[in-house]
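Structure record follows, encoded as structure tokens.
Naming: A, B, ... by sequence-line order, numbering from 1 per chain.
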2 protein chains.
Amino acid sequence: MESDRDFNVFVQGCPSREIMQRLGDKWTPLVLLALAGGPLRFSALRQRIGAVTPKVLTSTLRTLERDGLLLRTVTAQVPVRVDYELSEVGRSLLGPLEAIRLWSEEHVPGVLRARGEFDRRSEPSES
Amino acid sequence: MESDRDFNVFVQGCPSREIMQRLGDKWTPLVLLALAGGPLRFSALRQRIGAVTPKVLTSTLRTLERDGLLLRTVTAQVPVRVDYELSEVGRSLLGPLEAIRLWSEEHVPGVLRARGEFDRRSEPSES
DNA sequence: CTCAATGGTATCTTTTGGATACTGGACACT
DNA sequence: AGTGTCCAGTATCCAAAAGATACCATTGAG
């Protein structure tokens, strides 16, 4: 009923759960999507994503590198140049992430409308 | 280049960004996937997901309800019965989420292997 | 009068994320 | 020599979110 594989996100302690939850880190999807078009340097990534602080971006990138989703290449020039790019595995996530992204962009009006109704239902305080 | 729609997750302050980031809340995907098979009561959801505390589950559910992704139905019996089920909009997310889930379950071995290599590269301390 | 079932809150601690300032190495300019 | 710039991050400190655990309200059964 669940799936016949060896791993299942609904099993507590299964590594797949932690992996899926990491994909839902606040910045992970944006980082991966930002790299969809090719390698980017640290500062370019930062600019492209916007609003992310260097500390958090660094730790997001480290985790993704550690998990094999992206590659970090240091070029010893001056000043030092660091490029980040998706690995093969990382690229295999782009499809699903693109879908989530499109869904989010398409459903903005609906979600905003739902919020308005919800709030109106919650506070029947005026007239 | 980015997309011709009105909303874009790469634009800072665009509601679609916040919506996408919410989809990546720690428990949101699990909640939505858990409801894929039909309505569940609060305690059943808790059991099915496992490891989520009531406080966090409540707030996750409230947000999803507020955004119109799921419906909360209270039946006044004793003790009270509360059912949660996906809305039409919520169901439209199941495809992408299923994809993310499958990816996570399929790539467990690869990710674990990558972590091992990464750690070995980082600490060349023993023999 | 007590107990159990359900769907949560309340409170406190720990973890994660954010703001902001700073480091370090190599050149380039003055 | 001294100062400034570029880049890729750290360091430090503070705020927001998640987790552990205990508790509450309703009410029907015993």
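Nearest-nucleotide mapping onto DNA chain C: of A/Thr53 and B/Thr58, the residue sitting toward the 5' end is B/Thr58.
Note on A/Arg91 versus A/Glu88: salt bridge recorded, some NZ/NE/NH1/NH2 to OD/OE distance being below 4.0 Å. Remark: A/Arg22 engages A/Glu18 in a salt bridge, criterion side-chain N to carboxylate O under 4.0 Å.
Once you apply a 4.0 Å limit to the heavy atoms of chain A, the touched nucleotides of DNA chain C run 5' to 3' over C/dG17 to C/dA26. Mapping heavy-atom proximity under 4.0 Å, the span of DNA chain D touched by chain A runs 5' to 3' from D/dC6 to D/dT12.
Less than 4.0 Å separates DNA chain C from at least one heavy atom of each of the following residues of residues 68-82 of chain A: A/Val78, A/Pro79. Residues from residues 39-47 of chain B placing a heavy atom under 4.0 Å of any atom in DNA chain C, listed by number, are B/Arg41, B/Phe42, B/Ser43. Contacts between residues 16-31 of chain B and DNA chain C, counted as heavy-atom distances below 4.0 Å, involve no residue at all.
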Under 3.5 Å, which donor-acceptor pairs do the side chains of residues 72-82 of chain A form with other protein atoms, sequence neighbours left out?
residue, atom, partner, partner atom, Å
A/Arg72, NE, A/Tyr84, OH, 3.2
A/Arg81, NE, A/Asp83, OD2, 2.7

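Applying the side-chain contact (heavy atoms from CB on, under 4.5 Å) criterion to A/Leu71, with sequence neighbours excluded, gives A/Glu85, A/Ser87. With sequence neighbours excluded, no residue forms a ring-ring contact (aromatic ring centres under 6.0 Å, His included) with A/Trp27. Remark: B/Arg66 pairs with A/Asp119 by the salt bridge (charged side-chain N to carboxylate O under 4.0 Å, His left out) rule, at least two apart or across chains. Contacts of A/Glu106 classified as salt bridge (charged side-chain N to carboxylate O under 4.0 Å, His left out), with partners at least two apart in sequence or in another chain: B/Arg5. With sequence neighbours left out, A/Arg41 forms a salt bridge (charged side-chain N to carboxylate O under 4.0 Å, His left out) with no residue at all.
Residue A/Ala34 comes nearest to A/Ile49 through the heavy atom pair CB-CG1, 4.3 Å, listed as atom of the first residue, atom of the second, then distance. Between A/Gly50 and B/Arg17, the shortest heavy-atom distance links the atoms O-NH1, 3.3 Å. Nearest heavy atom pair, residue B/Pro29 against residue A/Met20, reads CB-CE, 3.9 Å.
Pairs of residues two or more places apart, or lying in two chains, that qualify as ring-ring contact (aromatic ring centres under 6.0 Å, His included) and include a residue from residues 85-110 of chain B are B/Trp103-B/His107.
Remark: A/Ser92 OG to A/Leu69 CG distance equals 8.0 Å, nearest 0.5 Å. One finds the CG atom of A/Leu23 at 13.5 Å from the CZ atom of B/Arg101 (value rounded to the nearest 0.5 Å).
At least one side-chain heavy atom of A/Leu61 sits less than 4.5 Å from a side-chain heavy atom of A/Leu45.
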